[in-house]
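Values reported hereafter were calculated over all heavy atoms of this structure, with side chains retained and with hydrogens, waters and symmetry mates removed.
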Amino acid sequence: NRPGKAIILAIEDDPHQVRMYTKALAQHTVRAVSTGTEALRLVTAEIPDVIILDHQLADGERGTDFLPLLKSDLAHVPVIIDPRPRLRPR
């Protein structure tokens, strides 16, 4: 990663939202996963600078339930929780 370019982990199962994050944050490196399990696997290989966490993930997984597990190893990494309700059916 080059200086000044953050690694942002988007834990988001909506492809449209992932595209929006990637476009809005194009000056940074956006890594996207759709489940908490995938996120845990990814952060063992590369620690992000910021995490964007969807409130409701794939298969009914709640981002807020997953957050303590994530933060146990990454207490220093800021997390932004996206609390917006689903506007489109899955």
Side-chain angles (χ1 to χ4, degrees):
N1 226 21
R2 68 175 198 248
K5 188 172 183 178
I7 297 171
I8 300 169
L9 172 59
I11 307 171
E12 171 64 65
D13 61 327
D14 181 346
H16 174 72
Q17 192 67 28
V18 170
R19 283 190 300 277
M20 286 178 39
Y21 289 145
T22 302
K23 184 175 180 180
L25 301 166
Q27 70 274 27
H28 302 290
T29 300
V30 177
R31 307 259 192 259
V33 295
S34 60
T35 68
T37 302
E38 291 174 310
L40 287 174
R41 202 172 305 128
L42 190 131
V43 299
T44 60
E46 180 176 48
I47 296 175
D49 297 299
V50 177
I51 297 170
I52 301 172
L53 178 59
D54 187 7
H55 182 265
Q56 188 68 43
L57 297 170
D59 300 328
E61 189 177 24
R62 294 175 53 96
T64 51
D65 292 340
F66 168 71
L67 184 58
L69 182 59
L70 184 66
K71 291 297 280 184
S72 68
D73 291 329
L74 301 171
H76 66 285
V77 177
V79 176
I80 300 166
I81 298 175
D82 183 355
R84 69 189 159 75
R86 293 288 176 223
L87 301 177
R88 296 178 291 169
R90 298 271 165 163

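Under the 4.5 Å side-chain heavy-atom criterion for grouping Ile, Leu, Val, Met, Phe, Trp and Tyr, Leu67 is connected to Leu9 within one hydrophobic cluster. Criterion: ILVMFWY side-chain heavy atoms under 4.5 Å apart, direct or through other members. Under it, Ile52 and Val30 are part of a common hydrophobic cluster. Under the 4.5 Å side-chain heavy-atom criterion for Ile, Leu, Val, Met, Phe, Trp and Tyr, Leu74 and Leu53 are members of the same hydrophobic cluster. Taking hydrophobic clusters as Ile, Leu, Val, Met, Phe, Trp and Tyr residues chained together by side-chain heavy-atom distances below 4.5 Å, Ile47 shares a cluster with Leu70. Grouping the Ile, Leu, Val, Met, Phe, Trp and Tyr side chains by contacts below 4.5 angstrom, directly or via other members, places Val18 apart from Val33.
Summarising the geometry of Gln56 relative to Asp13, their closest heavy-atom pair is O-OD1, 3.5 Å, with the distance given to 0.1 Å. Closest of all the heavy-atom pairs between Val77 and Pro48 is CG2-O, 3.5 Å. Across Arg31 and Glu46, no two heavy atoms sit closer than the pair NE-OE1, 2.7 Å.
A distance of 9.0 Å separates CG of Asp14 from CE of Met20, quoted to the nearest 0.5 Å. Expressed to the nearest 0.5 Å, how far CG of Leu40 lies from CG of Asp73 amounts to 8.0 Å.
Under the 3.5 Å distance criterion, the side-chain polar atoms of Asp49 are matched with a main-chain donor or acceptor of Ile7.
Within a 6.0 Å sphere centred on CD1 of Ile81, heavy atoms belonging to other residues, nucleotides or ligands number more than 12.
Within the 4.5 Å cutoff, the side chain of Asp54 has no heavy atoms near those of the Ile11 side chain. Using a 4.5 Å heavy-atom cutoff, the side chains of His55 and Asp82 are not in contact.
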